[in-house]
Protein chains: 2
Amino acid sequence: MDESDSKMSTTEKLLNAAEHRMRRGGYNAVSFRDLANDTNIKSSSVHYHYPKKEDLGTALVDRYSKRFFDTLNVKTENATTMEQKLKVYQSIIRSALVEDDAICLCGLLGAEGAGIPDVVANGVQNFFDENIKWLVSILPQEMSESQKSSMASTLLAGHQGAMMLARSMQDNKIFDTITNQLIKEAI
Amino acid sequence: MDESDSKMSTTEKLLNAAEHRMRRGGYNAVSFRDLANDTNIKSSSVHYHYPKKEDLGTALVDRYSKRFFDTLNVKTENATTMEQKLKVYQSIIRSALVEDDAICLCGLLGAEGAGIPDVVANGVQNFFDENIKWLVSILPQEMSESQKSSMASTLLAGHQGAMMLARSMQDNKIFDTITNQLIKEAI
DNA sequence: GTCTATAATTTGATAGAC
DNA sequence: GTCTATCAAATTATAGAC
């Protein structure tokens, strides 16, 4: 995963450390000093890369968003049916939960919405907008726009809620249970 | 709602102020000084009522949990069908979103799970356990235990995700869309 | 129960040398 | 790009008077 650390640029290391902390404890669970220790530099050097905390926050959301949709596009390249595409969607989010041992960055920041800088909250909103657009795009044409829209929102909310629940109850199986149920109902 | 403030005990005022702040920005968005200002006392007096922050956190989760299930029990007293009971469940959560202009306390704290004291996280887990138990209890007997369990988790995750999404996208209508869809699929 | 006073720590942030 | 040095503000918390 981390290329034994040495090849990585400082910003990469910083973003990785910050993402891990933020996806586990939220926006305020990340401090410049912690990141400095994580990356073996001083906190003033962290400020060189991200002058204000909201700069770091927006960079994190942007990278997270881009990576998510890039992965989604690559992994659905050879998927033909809606079910196949939904399974890819599910598996990417599942990896984020299980392998990173954390929830979705935007799910957590979205929940904290009133306590984070507006510019970061805007990035979060954009992430969810794009999620819904993608989900709508894979739903069958015979569904009405309004049906597709409500199905897409339900799938998104369900996956986000499933991550939160799995972490709260310390049971990743519940994520599979919920998302399998959602996909079954969508097909 | 607040009885023009004068009748309320200090702990009541403190819990109300803290709940409002925590349900909007998370655990770390609540400080003793803010609560002191909100209630017109000094921060040291807040510590008299809640010596440590985790004491406040557990009191908040306990009160929130108790109030939720008390309301649920009262409002489903005369409900006979599963659909009626689910509509009550939906409407209570909807009020929490719309009237309080905030998400579920436990939904937010659950997301922040790795960044809050264990004792608070345990209260959150308990809240969700009880949610699932209640939902399972209203589902039809003809469903298998495993079907009921997965349906209950899906309804819970969907309602929590719907609150988070509604706040992130600043659109409460999406909460209704999602939860109506979920209930339709459950019936 | 509330106050004043205070302490220890953390946090976001800046100035300036190398 | 990173460091030392530093800061002002915020935060959790305690001691003791009233």
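Keep in mind it's a predicted model, so treat the numbers as computed, not measured. Reminder, nothing fancy here: chain letters follow the sequence lines and each chain counts from 1.
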Requested in this report: Go through the steps to decide whether A/C104 and A/F127 satisfy the test side-chain contact (heavy atoms from CB on, under 4.5 Å), and finish with yes or no.
Outcome: CA-CA 11 Å; A/C104 173; A/F127 174 80; 3.9 Å; yes
Query raised in the report: Passes side chain to side chain donor-acceptor pair (under 3.5 Å), B/N16 versus B/E12? Steps please.
Result: CA-CA 6 Å; B/N16 287 347; B/E12 246 180 315; 5.6 Å; no
Report task. Test side-chain contact (heavy atoms from CB on, under 4.5 Å) on A/L56 and A/L15 and set out the steps. Result -> CA-CA 8 Å; A/L56 173 64; A/L15 290 174; 4.1 Å; yes
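Near-neighbour residues of DNA chain D inside residues 43-52 of chain A, defined by a heavy atom below 4.0 Å, number-ordered: A/S44, A/S45, A/Y48, A/H49. Residues from residues 23-32 of chain A that place a heavy atom under 4.0 Å from any atom of DNA chain C, listed by number: A/V30, A/S31, A/F32.
Minimum heavy-atom separation, B/V30 to B/A18: CG2-O, 3.8 Å. Heavy-atom minimum distance, A/A186 versus A/L86: CB-CD1, 4.1 Å. Between B/G158 and A/A157, the shortest heavy-atom distance links the atoms O-CB, 4.2 Å.
Across its full length, the helix from C/dG1-D/dC18 to C/dC18-D/dG1 shows an angle of 10° between the axes of its 5 terminal pairs at either end, rounded to 10 degrees.
Here B/D101 pairs with B/R24 in a salt bridge; the nearest charged N to carboxylate O distance falls below 4.0 Å.
No hydrogens or angles considered: nothing links the side chains of A/Q90 and A/D176 as a donor-acceptor pair under 3.5 Å. At a cut-off of 3.5 Å, with distance as the only test, a side-chain donor of B/Q181 or A/S150 sits close to an acceptor on the other residue.
Within 4.0 Å (heavy atoms only), B/K42 reaches at least one base atom of the nucleic acid.
Taking 4.0 Å as the cutoff to heavy atoms of chain A, we find the contact window on DNA chain D bounded by D/dG1 to D/dA5.
What separates CD1 of B/I41 from P of C/dT4 is a distance of 12 Å, to the nearest Å.
Ring geometry for B/F32 versus B/H47: interplanar angle under 30°, hence parallel rather than tilted (30 to 60°). Between A/Y89 and A/W134, the two ring planes are parallel [angle under 30°; tilted spans 30° to 60°].
Here A/K133 pairs with nothing under the salt bridge (charged side-chain N to carboxylate O under 4.0 Å, His left out) rule; sequence neighbours left out. Applying the salt bridge (charged side-chain N to carboxylate O under 4.0 Å, His left out) test to B/E19 and every residue at least two apart in sequence or in another chain returns B/R23, B/R63, B/R67.
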